[in-house]
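One structure is given below, encoded as structure tokens.
Here the structure is a predicted model, which is why all the values come from computation and not from measurement.
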Amino acid sequence: MDTCKSGDQQQRNDLEVLEIFNSLIAQTVKSGELICSRRIKRILGDDIVDDLRARKDTNESKVNFILESILHSDDSDKWDSLIEALTNVDFVFVPKIYLKEYNPEVIPRLRKLVQALNNEEVEPEKLSKVLKDNGVLLEVDVQNIGTECYNRGNKAGLIVLIDRVINSSSSNWYQELTRSLYEVGLERAAKDLESNSSKKSPDAVNAADDISTDNHWRKLIVKLFRKQIVQKVTPSDLLGNIGTLFSPEEKREIRNIEDESPQRAMEKVLDLLDNKEIPGKWQAFKRALVDAGLIWLNEFIEGNFTISAEAEQWENAINLFECKLSNNIKPREILPWLSQEKLINDIDKQAILQIDTQKGEILAAYRLLSCLSKRQPNSWYPKFMEILYINKHEELVFEVDSDMFKEIQKTYGHNPSDVRLKTSIPECTVVESKGTESNANESDVKQNYVSVSENYRKSTNNLSCPKEKHEDSMDELQDSIMSSLMSFDENNLRSRDETSEKNVFSTESAKPQVVDKDMSLSSDLGEREPNSILFEQINRDLAIAVSETPEEIQHNILQMPYDEVESDSDSDSDDEEIPKKVLNLREYQKELSEPAKDGKNCLIVAPTGCGKTHVIMDIIQDHNSKMSRKGLIVKVAVLVEQQALAEQQAERCKEYLQPLRVKLITGEIHREEKLPKPLSSWLKRRDILVITSALLDNSLKSGDIKIEDFTMLVFDECHHAKDKHSYARVMHYYMDRKFDHNFQRERLPKVIGLTASVGVGKSNKIPGAKNHIKATMSNLDAVELVTVKKNRLELSEHVVVPDKGIIVAPARQKDHFGKTLVKLMESTEKHIFTTPHAKMFDGKDSILKAPTEKGSDAYTQWISRLRRETAQIKEEARRYITTWRSYLNVYNQALIIYEDARVKDATNYLEDKMDYLNEGIIKNEIDDTMKRLYDITKPMFVACIDDKSYENPKLKELKTVIFKMLREKRDSRIIVFIKTRDLADAMVNWMRETDGLDRLKPHKFVGAQAAGAKGGMTKKDQTEILKLFKDGNRQIVCATSVAEEGLDIPTCNLVIRYDHVTNETAMIQSRGRGRAEGCQFIIIASEKRKTAEKEEINEIREEIMKEAIEEIQSDIKDNKEEFVEELEEIQRLAKKKRDKDAASEKGCSDNKELELRCEKCNHYICMSTDIRKIQDAHHAVVNDEIRKQVTVIKSNSKRIDYLITINAGKVKCINCGNGLGHVINFSGAQFPVLKIDNFYVTDTTGKNSYYKKWKSVPFKPAALSDDDLESRLQGSQYVDI
């Protein structure tokens, strides 16, 4: 008999059954089939997957490695993941065998069966029929074996055959199997089984024996309590008492490992001991625990000791601040106290002192911290905090645990130094540690600690020099730089190479410094501080670099106000068996679904966290029921924006909508799993498609499917259904049919839209908000606007509304970095007016006038507008303006990062971008000028990095908010919403380098539209990070707006918007990510950006939206026909405009020939007809003539899947060196892939146009054909991989 696995039984079956069947499985499945599973890849990790793909090993060895890795994984879902992977590649019965628990008595025979049959050429179907005739198998067994043979081959069928034989009801199945093997000619295997049956199995004998006492302790120590033993015991504690059990070589190995990791060393001890045939070894181990003073652990194993609930929280606190504690405490100072309180024993003490002497204080402190909870698990923490407090580490105690700090302060007051050790405890002899600094200045440092009675505040000044002197030197540095900027003369550019160093550092002998990638400072620059003198010197040098602007150019330009620029916001496996869930709706959910179930198109507005997904499931269930009664088949499309949301919705559909067949389809899954390209093929085979809207839009556009092929369309987060969004484009096909007089409207699908915030469209008044909502309803053809009315009380009981707070952070103490960067931007802006190129804009000179506020949205929009305007000016001027604009863009982004992150992050960004802008370019005068201007200011940027006066107060507030939540709930989930991808990287870097925050394993969650080199993520990465976040393997995520909508994270209890607010919809959506009880929604704001005021406007707009919804609902109730007519009129006008626009663009044909020219220098690169689309994602050039127009620089390639390797080389313009794209390897052939935002598209009249995205270009590249691929395979490579 077999049973389902659970608990310890499952662990044993992991070790037994998987090991037994490994050899057969490895012959039936390909390694590529396993690692194509997203869940298997998650268990293995990207590095192992890449390594497997690169290996030249046999498939069998790769599969064995994968199975062993899964077996030893700590992933709780590893069995489900393996079973899903096997099921997805057409195994039917083999996956179920892994769910079985075999009788221990048959395990030896099972192993012998596999060994005997593994290397034989068995024909399972033939053998199964003989076994059926001999009474061992049933007809259904024969059919199952045949099915598996047909699907996956004879070895797979053999696994099923062995399983069915082992579980046969025949009492003499072993003998009958042997006889059957003879009958089918497998004599050698039959003889092997006969020889085995004549011997008595040792396993069978042992199974009948009673479990000895030592084996009992082995189970407790090795299996049940191994984790606690590894965490709390170090081998040094035990080897003195059980050392005779190990050889000298083994003990030497254990001690060497212990120096690196006590936990790994203890694992080694247990493994070695478990493999030794020594009677009573585990009882000796148990006695050694007692002798080592770990009596509590011995009692814990016996079940006579309980660890307090607070113990885990104490360890969390130490882990959170491990780095800070280790860098601040001095082990030799507190060891006597720890010994006195018996928190450590002599062995611990000697080990710590030895590490202190040999390796330094910090490593000794790490070892000390690891010992603290070993001896007194229920009382060590308060004692340790008291010892720190007494030894004048009040700041540490306050930061680690402010509540404990207050309690200790009550006990010891403000003079903890009065407390002394007991005289009976000898103090440690202080020996100067190797590799540590002298304590000569220790008394000076201690005098700077704040009084514990005052508000906690860190000193930000250099303790070795007075504050006034520090500020003066900072001012000197700033004055120095400003002087250099003012004295930089355009006419003397060529001589600057020899004189600039003297100008910048005229008052000192220090030399300019080259900054390494890690921003570490040379010894020379270490003497320079970011002060006003340096700032003024930079200011003067920048001024000289830009000579006075000619009056005839300045006139009508500098005095013209900058007009606000409108934003160029170009809207930027499945058949597994899942247990069915019963859908139980609350009353308010039934109220929301009722109008849709009455057959009406609806726009449903309900708060986040109320269970709108359940409402969708109910509507689809009802739709299916009504269609079935008519004898019709449902075809439902559930449309989402992101893959993470798509997977979430698909999972719910599979759970609640059985037996309807559900298919998840996104662009990335479509490519990765090699699905049939036509969407129509899946529409025929499935009832429900959960699909990203862009993919459906493409299929409708190509004519693969028609809108009437669906019976229902469901739009999740439907407030996006406007403008050129793919939701709106899908509905355009609907509208075309609706207003087609030859089409029956009854054939149109039902339309359901759901959102938490329909928005008000920037309106501050109810009439404008109503017009916006009506437009959204008309776009979705919704005649009902549905909200909860009757059951509001019940709704309020189930929807968690986060507590909201706004924290306004002060400005930085000093701002030399920001002032210098702004001055650099102003000097760069001014420089363009010293050249004749400013006259090239033909009456549009105002475009060169930059906004006053740097680092703002207006400035970012101005740069974008400038890029478009540059398209029409002459070649020489265009290159000049493009370089000028590129530098300003970098400075603007660096300033944004500086405002929100650290000086270090902004400086690193500047250095990286300077490298990028100058890599491989063919320099001319403007390149040299821009680089020299930057080099003037660089000393200030570098000098500010390690100065604490430039710490960002917003980061301090953010850290405080996070730590406060963590103290309340250690397993908190936190989302921090930030503005840009670059800032997301900076914030994650800061968290990973901040003690306490690094323990939360921070990670970014950003959009999939940008390339990885630009900070984007793949949709697969998004899904993976989201799962890790839900499971608690990542506790904090820094996210852009991509995470604002729809993501269901029930455990998220803190949402922070970091000095960035947009509109009321984003506010409502991001607030809704907090789903846990007691969650908080915090906005960290700055006075400069007026974030708090903007958020208040959003709150007002939210109330306006609610009032507008109520008025519209009242209008519908009073006169529905008139309201529907109004919506149809809006639809007619919108369609009329679309048709007019389409007619004007009719000249754009698929094969229209246009030129693609380098955006920077206007050099010809290729024709539009040379472009092909690879996997509907990569725009590649197939014409080898491009080799004459570009150069290729080898770069670090990245393998995406078995077909594609990206970033094999950087493609650059041969004329100017501007980056144009990268090289990919597809199916063995190399292609240059272009990024359209690096080009101007030129028509036959010579007009240049700029496009941010490929989807906007006025031509349609064809898909890569087999002939194109073959042609490239015959051609030479662009780069060696």
Side-chain angles (χ1 to χ4, degrees), residues 74 221-243 245-275 281-282 284-298 300-301 307 311-312 314-323 325-327 329 331-332 334-335 338-339 341-377 380-381 384 433 998-999:
D74 294 330
I221 293 168
V222 176
K223 290 190 174 182
L224 296 180
F225 298 107
R226 185 184 185 105
K227 179 181 177 182
Q228 290 82 358
I229 291 170
V230 168
Q231 289 178 343
K232 303 299 182 185
V233 185
T234 53
S236 298
D237 295 327
L238 308 180
L239 288 180
N241 296 300
I242 59 172
L245 301 178
F246 302 97
S247 69
E249 291 78 13
E250 289 173 334
K251 285 191 282 188
R252 192 178 303 112
E253 182 184 7
I254 291 168
R255 294 189 189 281
N256 288 336
I257 297 174
E258 184 177 344
D259 288 341
E260 300 296 329
S261 169
Q263 287 79 19
R264 283 197 296 113
M266 199 61 223
E267 292 275 11
K268 184 70 176 179
V269 168
L270 294 175
D271 290 340
L272 288 172
L273 200 56
D274 198 28
N275 290 323
K281 58 186 177 182
W282 296 111
F285 181 90
K286 203 165 161 292
R287 287 193 299 271
L289 291 178
V290 176
D291 293 339
L294 297 168
I295 301 173
W296 73 269
L297 184 54
N298 183 65
F300 180 72
I301 293 172
I307 298 177
E312 185 177 356
W314 294 344
E315 292 195 34
N316 284 339
I318 297 302
N319 286 335
L320 203 60
F321 293 93
E322 184 179 44
C323 183
L325 288 166
S326 299
N327 281 283
I329 63 177
R332 291 179 180 272
I334 65 174
L335 277 175
L338 297 173
S339 295
E341 294 297 331
K342 298 182 179 179
L343 295 182
I344 60 172
N345 63 8
D346 288 340
I347 295 176
D348 297 330
K349 183 176 176 181
Q350 293 305 318
I352 294 167
L353 288 173
Q354 184 178 5
I355 295 173
D356 187 291
T357 301
Q358 295 178 352
K359 300 182 179 180
E361 284 183 343
I362 293 178
L363 290 178
Y366 273 108
R367 179 61 177 268
L368 184 152
L369 294 175
S370 71
C371 296
L372 288 174
S373 62
K374 288 167 45 177
R375 310 290 166 191
Q376 302 175 36
W380 66 272
Y381 181 74
F384 178 59
S433 302
D998 59 331
R999 300 286 180 179

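Between the side chain of E253 and the backbone N or O of K268, no donor-acceptor pair lies under 3.5 Å.
Applying the ring-ring contact (aromatic ring centres under 6.0 Å, His included) rule to F384 yields no partners; only residues at least two apart in sequence or on another chain are considered. For D274, the salt bridge (Lys or Arg N to Asp or Glu O under 4.0 Å) partners two or more places apart in sequence, or in a different chain, are R218. Partners of R375 by salt bridge (Lys or Arg N to Asp or Glu O under 4.0 Å), not counting sequence neighbours, listed by chain and number: D237, D348.
Separating the CG atom in L289 from the CG atom in L238 is a distance of 5.5 Å, to the nearest 0.5 Å. Atoms OG and CD1, from S236 and I254 in turn, are 10.0 Å apart once rounded to the nearest 0.5 Å. Taking CD1 of I352 as the start and OG1 of T357 as the end, the distance is 12.0 Å to the nearest 0.5 Å. Atom NZ of residue K232 and atom CD of residue Q263 lie 10.0 Å apart, to the nearest 0.5 angstrom. Going from atom CD1 of I318 over to atom CG of L325 covers 5.5 Å, rounded to the nearest 0.5 Å. L297 CG to I295 CD1: the interatomic distance, rounded to the nearest 0.5 Å, is 11.0 Å.
Residue P235 comes nearest to P262 through the heavy atom pair CD-O, 4.0 Å, listed as atom of the first residue, atom of the second, then distance. Taking each heavy atom of V230 and M266 in turn, the nearest pair found is CA-CG, 3.9 Å. Listed here is the closest heavy atom pair of K374 and P377: O-CD, 4.5 Å. Between A364 and P331, the closest heavy-atom pair is CB-CG, 3.8 Å.
Using cut-offs of 30° and 60° on the angle between ring planes, the pair W314 and W380 is perpendicular.
Taking 4.5 Å as the limit, some side-chain heavy atom of L273 sits within range of a side-chain heavy atom of W282. In this structure, the side chains of W296 and L294 come closer than 4.5 Å at one or more pairs of heavy atoms. I334 is listed as a side-chain neighbour of L368, based on a closest heavy-atom distance under 4.5 Å. Between C323 and Y366 there is a side-chain heavy-atom pair separated by less than 4.5 Å.
We find that R264 and D271 are not joined by a salt bridge, their nearest charged nitrogen and carboxylate oxygen being 4.0 Å or further apart. With respect to R367 and E258, a salt bridge is recorded, a charged nitrogen being found less than 4.0 Å from a carboxylate O. Ionic pairing of E361 and R332 is not present here: no N-O contact between side-chain nitrogen and carboxylate oxygen is shorter than 4.0 angstrom.
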side-chain contact (heavy atoms from CB on, under 4.5 Å) between I229 and F285, intermediate numbers included = CA-CA 11 Å; I229 291 170; F285 181 90; 4.0 Å; yes
